[in-house]
Amino acid sequence: MSTQIEIVLTPINREQYAVKSPPHNAGAIVEFFGVVREDEAGSAIQGIDYEAFRDMAEHQLQLLIQKAIGDHDLLDMLCVHRIGFVPVGAPSLYIRITSSHRAEAFAAMTEFIDKLKKLVPIWKHPIPKDQE
Amino acid sequence: MSTQIEIVLTPINREQYAVKSPPHNAGAIVEFFGVVREDEAGSAIQGIDYEAFRDMAEHQLQLLIQKAIGDHDLLDMLCVHRIGFVPVGAPSLYIRITSSHRAEAFAAMTEFIDKLKKLVPIWKHPIPKDQE
Amino acid sequence: MKVSVRFYAMSRDLAGASERELELPSGTTLSIALEQLFQDVPALKVLRTSSLFAVGLDYVSHDTVLEAGNVISFIPPVQGG
Amino acid sequence: MKVSVRFYAMSRDLAGASERELELPSGTTLSIALEQLFQDVPALKVLRTSSLFAVGLDYVSHDTVLEAGNVISFIPPVQGG
């Protein structure tokens, strides 16, 4: 088990977190990228500036990951959130879950994202397209 | 939109299928790897030899992808199934779905996998661990 | 008319061959063709309710009317993924 | 006793500062401390029901008894992901 969380200021590079060889009881790996869309609340944007209470965000992510692993019997889980300015088309969030069976991984993933969006202290500041 | 399906005899190399830049209305990318587990029906195995009716498998995958895209308003979808011998720990299945919102991507993914496992003519021949 | 039936995985093991020809009256449905197949190769009967059948690359229902030269695929429960 | 309150995102905009000190009787609950905060900075009241509050790195309930030196975080609705 190599659980980790990371809050980064630089682009999320999936390769950096690649699983060299998954545990031999792994049957499913589910990955999620949350990507910044070209519009926010109907207005064209160039990106989103994410503000975080970083220490608390890391701590809360860690709590949510421990709960996900316990509730769904996961083999491994990783969550990376990018903060600062993230341009349209780039991922702000990357999550990977490894489990024996796919149902557990999908259930854990959707629950985890729902909770992250309620409890992890990170906020969006959309940057309009016409602003320098 | 760059929908594709592929049935391959060689290891699935995710990098080969990397999205250079997702469509600007993309908000979620969900990826699934189905990995060969170390045991099959309780017995230790070295891997699974997948048999396919390849032309039909490709055609059926294409039908399922078109249905998933239509039903869930997806932006992009890719499915790669490896056949022949796949060792324990290696992925036999890789699926990627891109959509505007995550709920659509997760719903499409779980439905698609369920249907694939009922309709795509591919069969498992597990190879026991002690067999040369 | 002649149609052929192709077997895969467990259906191939039970049929002892990967393909078999059937000689049928024209206008025969898949349902009737299968009756004849199960009569010719009784070992396949164990897969009767669990299998699906295709003509060409598409699944077809039992009331499909076959045509000369059709290739029927006998698809035992699939296990992809 | 003194406790401090830290503001983020919309709560910082409304408070016009990223931090504020509160002077409270010892044994004060978060609930009472917030009453004083909303009295001092009425603009924050709009976030009253939608916000969560933490002491240190953990969310706490309104009946939590505060201690001198506690750092309370005023967490307006989060928007991560």
Side-chain angles (χ1 to χ4, degrees), chain A residues 11-15 17-40 42 44-48 75-76 86-114 116-117 124 129, chain B residues 11-15 17-40 42 44-48 75-76 86-114 116-117 124 129:
Chain A
I12 294 175
N13 173 10
R14 179 190 177 282
E15 300 328 308
Y17 308 104
V19 201
K20 294 304 175 222
S21 50
H24 274 186
N25 46 348
I29 303 173
V30 177
E31 303 190 33
F32 174 76
F33 293 87
V35 176
V36 174
R37 271 191 306 275
E38 63 192 341
D39 68 300
E40 179 75 19
I45 61 168
Q46 52 182 293
I48 291 178
L75 299 172
D76 190 37
V86 183
V88 166
S92 53
L93 178 62
Y94 170 53
I95 305 167
R96 184 183 61 227
I97 291 176
T98 305
S99 64
S100 290
H101 300 278
R102 72 186 186 284
E104 301 150 353
F106 284 116
M109 182 66 92
T110 53
E111 275 181 42
F112 176 81
I113 299 173
D114 288 347
L116 180 155
K117 287 176 178 278
K124 288 178 178 177
K129 196 152 193 179
Chain B
I12 293 176
N13 173 11
R14 180 188 177 284
E15 299 330 309
Y17 308 103
V19 201
K20 294 305 175 221
S21 51
H24 274 187
N25 45 348
I29 303 172
V30 176
E31 302 189 33
F32 174 77
F33 293 87
V35 176
V36 175
R37 271 192 307 276
E38 63 192 341
D39 67 301
E40 179 73 21
I45 61 168
Q46 52 182 296
I48 290 177
L75 300 172
D76 190 37
V86 183
V88 166
S92 53
L93 178 62
Y94 170 53
I95 305 167
R96 183 183 63 227
I97 291 176
T98 305
S99 64
S100 291
H101 300 279
R102 70 185 186 286
E104 301 150 353
F106 283 117
M109 182 66 91
T110 53
E111 274 182 42
F112 177 81
I113 299 173
D114 288 347
L116 180 156
K117 286 174 178 278
K124 289 177 177 178
K129 197 155 192 176

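Values below: every heavy atom of this structure, side chains too, minus hydrogens, waters and symmetry copies. Chain A is the first sequence line, chain B the second, and so forth, proteins listed ahead of strands; every chain is numbered from 1.
- For F32(A), the ring-ring contact (aromatic ring centres under 6.0 Å, His included) partners are F106(B), not counting sequence neighbours.
- The choice from I113(A), D39(A), I95(A) that makes the most heavy-atom pairs within less than 4.5 Å of chain B is I113(A).
- Remark: I45(B) CD1 to H24(A) NE2 distance equals 10.5 Å, nearest 0.5 Å.
- In this view, A26(A) and P22(A), P23(A), L75(A), T98(A) satisfy the side chain to side chain contact (heavy atoms under 4.5 Å, CB included) rule, not counting sequence neighbours.
- Only the backbone of V36(A) comes within less than 4.5 Å of a heavy atom of chain B; no side-chain atom from C-beta onward does.
- Here E31(A) contributes atom CD and R14(B) contributes atom CZ; the two are 5.5 Å apart, rounded to the nearest 0.5 Å.
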Candidate pair R102(B) and K117(A), rule side-chain contact (heavy atoms from CB on, under 4.5 Å), full reasoning: CA-CA 12 Å; R102(B) 70 185 186 286; K117(A) 287 176 178 278; 3.5 Å; yes
